[in-house]
Protein chains: 2
Amino acid sequence: MDRKKLEELTSPNAANAKKLMLLGSGELGKEIVIEAKRLGFSTVAVDRYQGAPAQQVADKSYTGLMTNAGFLRSIVEKEKPDCIIPEIEAINLDLLFDLEKEGFNVIPNAKATHTTMQRERIRKVIAEDAGVKTSKYAYAESLDELKEACEKVGYSCWVKAMMSSSGHGSAFVKGPEDIEKAYKIATEEGRVKGARIIVEEHVDFDIEVTELAVRHFNEDGKIVTSFPKPVGHYQIDGDYHSSWQPAEVSELAEKRIYEAAGKITGALGGLGLFGCELFVKGDEVYANECSPRPHDTGMVTFVTHQLGFTQAGLHVRAITGLPVPAIEEDGFRKIPALTPGASHVISCPSEGYDAMLGNVFNATNELGVSLLFFGKPEAHVGRRMGVVLATANKVENAKKKAERVAHKIEMQTRQVAEWKKQQLKEKHIL
Amino acid sequence: MDRKKLEELTSPNAANAKKLMLLGSGELGKEIVIEAKRLGFSTVAVDRYQGAPAQQVADKSYTGLMTNAGFLRSIVEKEKPDCIIPEIEAINLDLLFDLEKEGFNVIPNAKATHTTMQRERIRKVIAEDAGVKTSKYAYAESLDELKEACEKVGYSCWVKAMMSSSGHGSAFVKGPEDIEKAYKIATEEGRVKGARIIVEEHVDFDIEVTELAVRHFNEDGKIVTSFPKPVGHYQIDGDYHSSWQPAEVSELAEKRIYEAAGKITGALGGLGLFGCELFVKGDEVYANECSPRPHDTGMVTFVTHQLGFTQAGLHVRAITGLPVPAIEEDGFRKIPALTPGASHVISCPSEGYDAMLGNVFNATNELGVSLLFFGKPEAHVGRRMGVVLATANKVENAKKKAERVAHKIEMQTRQVAEWKKQQLKEKHIL
């Protein structure tokens, strides 16, 4: 497509309006819609449940199972979106390939969506196609094969379902005694039951980072890759709990992060922002996985980057052919941030509907503290209902601030009408 | 109302959802809705035309004339909003007073809305109730009285319709020879034809500033006032053209700006963000007018302030009882910015529907340049269709950047299908 035509902005209610369709409409999609609406795009938000965060701000919404090819084809043909933006993995992949063949623009492309949703495929792309170092890994299809694979990779290691998200289907294996339990978790809790399992070496890393690499057009119409500062983060029970930017890594490690993310996203192709997860130990960098879309841990960019250049803004710019200016340095295009910052999840302590946040005044009455309350209708224990975003002169202070504030906020639901704070604190600083 | 109850955040689709209704749904309202949705509020956007900017992101929209008391009462009683937020002045004031008496929460209050929409009333509040210095002024109800008033005030002076906006109904009078023409403009172009006219001394100011003072609850449940850095700006033909933050004023002038804005907003009362317009000459400060809501020139805060603390974020926080943390200094509560920045309007050169922006890539391909395209369905020559927001290390550089970029962007409409740039450049730096 002609880049000049691509980057023309149209009015959202005009016949020639440019339309973005989000498949998956969570909290990341909500900010994508906000950034898209700020540029005049028309937006359609699709999710499996009504009232999903992005649906609350989009022009139009559809609710249904995106694994259902009939449902998905029906709305795509009706809406004729200029970009189809998968935000989640539970999407009918065969249909995405078909739609792409028919000329629809899948972000970044159907193949990358297919590759990244399964660990074996993305490991292969990272290690073989991109030639980037990963931790050791092996595969298994039975308990016996799993025992063998664990021996091969060595202890400690992770046993993971091939398709999973937010830590479901993953188990940490310290030694042979943990294998049976891990097998059960990986086969029963993954998105697809049974089937193949991956064993990954446990890298005793200093820090886990996400590199939000952006593939976008430059002024010559060529696709280039630009790099925000790496985001540091940690997980609790396999789910993102806190993130911060910039990550505390050496200069050399930072360079290697950009190199690795550039190669991996290059192998995946297409336009858009990617969340490349890497482990860093000293100056060494090990790629872990990569999602072809904004990343949970990248929410910190909603305060560290200027309007239009958060991970949501960068994704919208990249896929619609708008510029992503950068500083050229050491052979990399670097996207500068406005300030150091940190994020900390607000994880629900209760089940039920109609979640509320309490003690908000006392909790958030500090300089540099922003709050997102996603407005999901249904709460579960451990479900992410919001996030605290903090800025400070030093990233360390931002981390402490975000953590302190998030743990002061109270929650209740209609069913559990009692104010409670979130519980998980294992990796906390304070 | 109990502040603790007020600051509880609810889910937007719950029966106990807190609802904000915007009367007027322009570009400022769009950002108010975005900030409100980020905190889980339910939003209703009302405007006289369909597809208004804030309607594009709100949960629900109504279209009709807000000067019509029947229409307004009908939707207010149906929606039962927790806050009624006037964004424009063309609202049935009598009804606002009635609604307030019936217990509805008008932001900041019906009286302030009534006072600020008319120059005689706001001048009186500024000069008499708040005791703040203004330029000299006088009133007239006929051409003869106008001649007398101009002599009394002295030349040069401004002749203005009592109710007007965006420079309509205003004329600059250098000497007696300009009076007749000014009379015609003030009586024919103001919002209410004929009637009383105000004559204001022309202050040969160094800089015109907007102080976005915020009245909000503190931790003790008392209303206090906090102050972002003053915004500098200039107008062309009486309409905002470029603004920047911080404004280049002396320390003493800055202190006087906070003092004046504190007194004026104190006299107006209620909760929320106010746009106090002042002239600054050396260390001297003259109050001009004040709007009880976010201000056109305050759009610069969308990039200079952190998410949740832009003028839209501050307004939402203040009216919903959320905290507005500040630095206490020199006896003032000061709200810090993240970075210097500037804004420059994208003013349409053509008439027609379905406006488009072109040359966006080349125009905006600079570091620190954000863009808002409001998506208004109808364009007029001189209508503000978008804004360029720029950040830089120094405010001077941000001003140049915003100006340069805004004048590279091209526009066309369905009716005038020819790319054109905006024209007005009189007060430009470059």
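Fair warning: this is a prediction, and the values are worked out from it, not measured in the lab. Quick note on labels: first sequence line is chain A, next is B, and so on, each numbered from 1.
Within the model, atoms CZ of B/Phe373 and OG of A/Ser11 stand 4.0 Å from one another, a figure rounded to the nearest 0.5 Å. To the nearest 0.5 Å, atom OG1 of residue A/Thr364 and atom CD of residue B/Glu7 are 7.5 Å apart.
Closest non-hydrogen pair, A/Arg38 versus B/Ile34, comes out as NE-CD1, 3.9 Å. Nearest heavy-atom pair, A/Asn16 versus B/Met356, reported as atom, atom and distance to 0.1 Å: ND2-SD, 3.4 Å.
A donor-acceptor pair is defined here as one N or O able to donate and one able to accept, closer than 3.5 Å; no such pair exists between the side chain of B/Lys37 and the backbone of A/Phe374. Of the possible donor and acceptor atoms, one in the side chain of B/Gln306 sits under 3.5 Å from a partner among the backbone N and O of A/Gly368.
Contact tally against chain B (heavy-atom pairs below 4.5 Å) for A/Leu322, A/Asp59, A/Thr304, A/Thr391: the top residue is A/Thr391. In terms of heavy-atom pairs under 4.5 Å with chain B, the best-connected choice from A/Gly51, A/Ala15, A/Ala355 is A/Ala355. For the set A/Val369, A/Asn362, A/Val324, the entry with the most heavy-atom pairs within less than 4.5 Å of chain B is A/Val369. Counting heavy-atom pairs under 4.5 Å between each of A/Gly40, A/Gly308, A/Ser370, A/Gly375 and chain B puts A/Ser370 at the top. When the candidates B/Asn13, B/Thr339, B/Leu39 are compared by the number of heavy-atom contacts under 4.5 Å with chain A, B/Leu39 comes out ahead.
For a residue to count as touching a neighbouring chain, one of its non-hydrogen atoms must lie under 4.5 Å from one of that chain's; by this rule B/Val33 does not touch chain A. Proximity to chain A (any heavy atom under 4.5 Å) is shown, for B/Asn359, by both the backbone and the side chain. Proximity to chain A (any heavy atom under 4.5 Å) is restricted, for B/Pro336, to the side chain, taken from C-beta onward. At a 4.5 Å heavy-atom cutoff, the contact between B/Lys376 and chain A is made by backbone atoms alone. When heavy atoms are compared at a cutoff of 4.5 Å, B/Glu27 does not approach chain A at all. B/Phe302 touches chain A through backbone and side chain together, each having a heavy atom under 4.5 Å away.
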Show the numbers, then the answer: is there a side chain to side chain contact (heavy atoms under 4.5 Å, CB included) between A/Leu371 and B/Leu9? CA-CA 11 Å; A/Leu371 178 65; B/Leu9 296 180; 3.7 Å; yes

Does the side chain to side chain contact (heavy atoms under 4.5 Å, CB included) test come out yes or no for A/Thr10 and B/Asp354, once each step is laid out? CA-CA 7 Å; A/Thr10 52; B/Asp354 300 348; over 6 Å; no

Side chain to side chain contact (heavy atoms under 4.5 Å, CB included) between A/Val57 and B/Gln56, intermediate numbers included: CA-CA 8 Å; A/Val57 280; B/Gln56 298 164 22; over 6 Å; no

Given side-chain hydrogen bond (donor to acceptor under 3.5 Å, both in side chains), test B/Glu219 with A/Asn365 step by step and report yes or no. CA-CA 8 Å; B/Glu219 47 279 16; A/Asn365 193 18; 3.3 Å; yes

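The shortest distance between side-chain heavy atoms of A/Leu307 and B/Leu307 does not fall below 4.5 Å.
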